[in-house]
Participant: 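I'd like to ask you about the structure that follows.
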Amino acid sequence: MDCKHRLPLNDGHFIPILGFGTYGTAEVPKSEAEKATKIAIDAGYRHIDAAFVYENEEEVGRAIRSKIADGTVKREDIFYTSKLWITFLRPELVRPSLERSLKKLQLDYVDLYIIHFPSALKPGEDLFPKDENGKTLFDKVDLRATWEALEKCKDAGLTKSIGVSNFNHKQLEMILNKPGLKYKPVCNQVESHPYLSQKKLLDFCKSKDIVLVAYSPLGSHRDIRWVDQNSPLLLEDPVLRDIAKKHKRTPALVALRYHVQRGVVVVAKSYNEKRIKENMQVFDFQLTPEDMKILDGVNRNLRYVNYDFAIGHPEYPFTEEY
């Protein structure tokens, strides 16, 4: 992926516009993450998006290292994102958590480390801690203190860049207005696709020099743990299909291209070799201004992933309009 397929971050680094998502559903064995990541790197992906909570960083790290070892890429060619899980938002847990990820990966640094979600849960080894009645155990953390701990990780060279995920504009403001702020978040990674265009949040982020990174850009892989199975299928949308037909592309490529033309970084997840390769074609065609306008009109503010377990938390982000 050449330099024209990257966006500048506000700290001087660059992020490849097309990312490969490594999140695996419950049905997928972890070994698949290793295989798929190797295929993705061979196909030309240089941005690998992962997270502690996916519980497959060992496998993904192995794939990256094997592609470095066989000469396909150098470490500096790869842009690797990891995420701080919400049971580790207390400032004293931030660096140990990043170090755990690095140990699993067997890498010296990550390129981007982001707060996965703003609602803190009770610290411990349980990723989704609950009480005896099955109620999620919340924790109270000042996200500004969490952010300061991320800044220290950047200063220590454990991560090149730092950012957030699933933050609303008020939570971003809180970080940006923090007294003594050393580094701005470089990005906010959020769910976005033609059914959830996130226009207001995108405009806000652009005004603050923060890159919007879209996950579930194809409308989500419909993991039963997260997604209402009755929600509409984005890729079957007639408008999307018409535009795809016109350009002789798949609806998935049109959905990805829509983001690219809005200046949004897009994280596409697939464990299917044909689709992994096909998604790289996002740079081979252009949507017209009219196509873009039509796609803007498809927005329904439909969120596939609600993080229901965090509803009721004082820092639950999705009660705000954007």
Side-chain angles (χ1 to χ4, degrees), residues 1-9 13-23 36-37 39-41 43-51 54 78-83 111-112 114 116 161 163-167 185-199 201-203 205-206 210-222 233-235 237 240 243-244 247 249-272 274-287 291-292 295-296 298-299 302-305:
M1 206 177 295
D2 56 32
C3 47
K4 68 175 187 286
H5 299 148
R6 304 185 306 167
L7 288 180
L9 297 171
H13 294 292
F14 288 83
I15 185 168
I17 294 170
L18 180 63
F20 177 70
T22 60
Y23 173 70
T37 304
I39 291 167
I41 292 172
Y45 289 81
R46 295 297 176 257
H47 173 178
I48 311 293
D49 181 87
Y54 302 168
I78 295 290
F79 187 99
Y80 182 87
T81 301
S82 187
K83 305 183 189 86
D111 296 271
L112 176 60
I114 60 182
H116 203 143
S161 300
V164 297
S165 179
N166 297 299
F167 275 44
V186 297
C187 71
N188 186 17
Q189 184 178 127
V190 296
E191 178 181 345
S192 186
H193 39 75
Y195 281 172
L196 183 68
S197 67
Q198 297 274 25
K199 181 170 177 358
L201 188 59
L202 175 59
D203 290 345
C205 286
K206 281 184 172 175
I210 294 170
V211 169
L212 199 76
V213 179
Y215 68 78
S216 299
L218 308 178
S220 164
H221 43 70
R222 308 187 81 73
L233 287 158
L234 172 74
L235 297 182
D237 185 90
L240 211 59
I243 293 175
H247 289 278
R249 305 284 167 176
T250 60
L253 276 168
V254 170
L256 295 177
R257 183 71 207 178
Y258 172 66
H259 279 316
V260 169
Q261 288 185 213
R262 299 164 82 217
V264 172
V265 169
V266 64
V267 174
K269 188 204 86 65
S270 177
Y271 279 9
N272 173 309
K274 182 173 168 284
R275 285 202 289 270
I276 291 171
K277 291 176 174 171
E278 189 180 84
N279 289 342
M280 280 300 292
Q281 294 169 19
V282 71
F283 301 113
D284 300 347
F285 72 107
Q286 193 119 17
L287 297 170
D291 294 333
M292 292 296 289
L295 286 167
D296 283 338
V298 170
N299 179 53
L302 171 79
R303 200 179 282 285
Y304 286 102
V305 188

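Just so we're clear, the structure is a prediction, and the values are computed from it rather than from any experiment.
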Participant: Is there a side-chain contact between Leu212 and Gln189 in this structure, where contact means two heavy atoms from C-beta onward sitting under 4.5 Å apart?
Facilitator: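 Heavy-atom side-chain distance check fails, nothing below 4.5 Å.
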Participant: Test of understanding: with side-chain hydrogen bond (donor to acceptor under 3.5 Å, both in side chains), list the residues that count as partners of Asp291, not counting sequence neighbours.
Facilitator: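 Scan of Asp291 (side-chain hydrogen bond (donor to acceptor under 3.5 Å, both in side chains), adjacent residues dropped) gives Lys246, His247, Thr288.
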Participant: Restricting to non-hydrogen atoms, name the atom on Tyr271 and the atom on Ala36 that form the minimum distance, rounded to 0.1 Å.
Facilitator: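 That would be CD1-CB, 3.7 Å.
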Participant: Hey, could you give me the OG/NZ distance between Ser270 and Lys277, rounded to the nearest 0.5 Å?
Facilitator: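 So the OG of Ser270 and the NZ of Lys277 are separated by 12.0 Å.
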Participant: How close do Asp203 and Lys199 get, counting heavy atoms only, and between which atoms?
Facilitator: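 It is OD2-NZ, 2.6 Å.
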Participant: Would you confirm whether Tyr45, through its side chain, and Ile276, through its main-chain N or O, come within 3.5 Å as a donor-acceptor pair?
Facilitator: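 Yes, Tyr45 side chain to Ile276 backbone: donor-acceptor pair under 3.5 Å.
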Participant: Looking at residues at least two apart in the chain, or sitting in another chain, which of them share a side-chain hydrogen bond (donor to acceptor under 3.5 Å, both in side chains) with Gln198?
Facilitator: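 Gln198 satisfies side-chain hydrogen bond (donor to acceptor under 3.5 Å, both in side chains) with no residue once adjacent residues are dropped.
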Participant: Just so I know, are the side chains of Tyr54 and Asp49 near enough to count as touching, which here means a heavy-atom distance under 4.5 Å?
Facilitator: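 Yes, close enough: below the 4.5 Å cut-off.
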Participant: Closest approach of Ser82 and Ala51, non-hydrogen atoms and distance?
Facilitator: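 That would be OG-CA, 4.2 Å.
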Participant: Report the residues that fulfil salt bridge (Lys or Arg N to Asp or Glu O under 4.0 Å) with Asp111, sequence neighbours left out, ordered by chain and then residue number.
Facilitator: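 Only Arg75 meet the salt bridge (Lys or Arg N to Asp or Glu O under 4.0 Å) criterion with Asp111.
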Participant: Rounded to the nearest 0.5 Å, what separation is found between the CG atom of Leu9 and the OG atom of Ser161?
Facilitator: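 One gets 5.0 Å once the value is rounded to the nearest 0.5 Å.
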Participant: Between atom SG of Cys187 and atom CG of Leu112, what is the distance when rounded to the nearest 0.5 Å?
Facilitator: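 Rounded to the nearest 0.5 Å, the SG-CG separation comes to 4.5 Å.
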Participant: Would you confirm whether the ring centroid of His13 sits within less than 6.0 angstrom of the ring centroid of Phe79?
Facilitator: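 Not under 6.0 Å, so no.
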Participant: Who pairs with Tyr80 by ring-ring contact (aromatic ring centres under 6.0 Å, His included), at least two apart in sequence or on another chain?
Facilitator: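 Not a single residue meets the ring-ring contact (aromatic ring centres under 6.0 Å, His included) criterion with Tyr80.
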Participant: So does Val305 get a backbone contact from the side chain of Glu191, meaning a donor-acceptor N/O pair under 3.5 Å?
Facilitator: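 Answer holds: yes.
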Participant: Going from CZ on Phe20 to CD1 on Ile78, what distance comes out if it is rounded to the nearest 0.5 angstrom?
Facilitator: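 Here the rounded value is 11.5 Å.
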Participant: Is the side chain of Thr81 donor-acceptor paired with the backbone N or O of Ala50 at a distance under 3.5 Å, no angle test?
Facilitator: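 No; judged by distance alone, with no hydrogens or angles, the pair does not exist.
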Participant: Between the side chain of Arg6 and the main-chain N/O of Ile17, is any donor-acceptor distance below 3.5 Å?
Facilitator: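 No, because the side chain of Arg6 does not come within donor-acceptor range (under 3.5 Å) of the backbone of Ile17.
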Participant: Got a second to check how far Leu196's CG is from Leu234's CG, nearest 0.5 Å?
Facilitator: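 Reported to 0.5 Å precision, the distance equals 10.5 Å.
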Participant: For residues 249-266, which side-chain donor-acceptor pairs fall under 3.5 Å, sequence neighbours excluded?
Facilitator:
unit_1, atom_1, unit_2, atom_2, d
Thr250, OG1, Leu253, N, 3.1
Arg257, NE, Gln261, OE1, 2.8
Arg257, NE, Phe285, O, 3.1
Arg257, NH1, Val282, O, 2.9
Arg257, NH1, Phe285, O, 3.3
Tyr258, OH, Asp296, OD1, 2.5
His259, ND1, Arg262, NH1, 3.4
His259, NE2, Ser192, O, 2.9
Gln261, OE1, Leu287, N, 2.7
Gln261, NE2, Leu287, O, 3.1
Arg262, NH1, Ser197, O, 3.2
Arg262, NH2, Ser197, O, 2.5

Participant: Using the test side-chain hydrogen bond (donor to acceptor under 3.5 Å, both in side chains), find all partners of Asn299 that sit at least two apart in sequence or belong to another chain.
Facilitator: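 Applying side-chain hydrogen bond (donor to acceptor under 3.5 Å, both in side chains) to Asn299 gives Asn301.
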Participant: Lys206: which residues meet the salt bridge (Lys or Arg N to Asp or Glu O under 4.0 Å) condition with it, sequence neighbours left out?
Facilitator: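 Residues passing salt bridge (Lys or Arg N to Asp or Glu O under 4.0 Å) with Lys206: none at all.
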Participant: How close do Ala268 and Pro217 get, heavy atom to heavy atom, and via which atoms?
Facilitator: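 Result for this residue pair: CA-CG, 4.3 Å.
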Participant: Between Val211 and Val186, is the side chain to side chain contact (heavy atoms under 4.5 Å, CB included) condition met? List the steps.
Facilitator: CA-CA 6 Å; Val211 169; Val186 297; over 6 Å; no
Participant: Return the CG to CG distance between Asn188 and Leu201, rounded to the nearest 0.5 Å.
Facilitator: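 So the CG of Asn188 and the CG of Leu201 are separated by 5.5 Å.
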Participant: Taking side-chain hydrogen bond (donor to acceptor under 3.5 Å, both in side chains) as the test, write out the residues that go with Asn166, two or more places apart.
Facilitator: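 Residues passing side-chain hydrogen bond (donor to acceptor under 3.5 Å, both in side chains) with Asn166: Tyr215, Tyr307.
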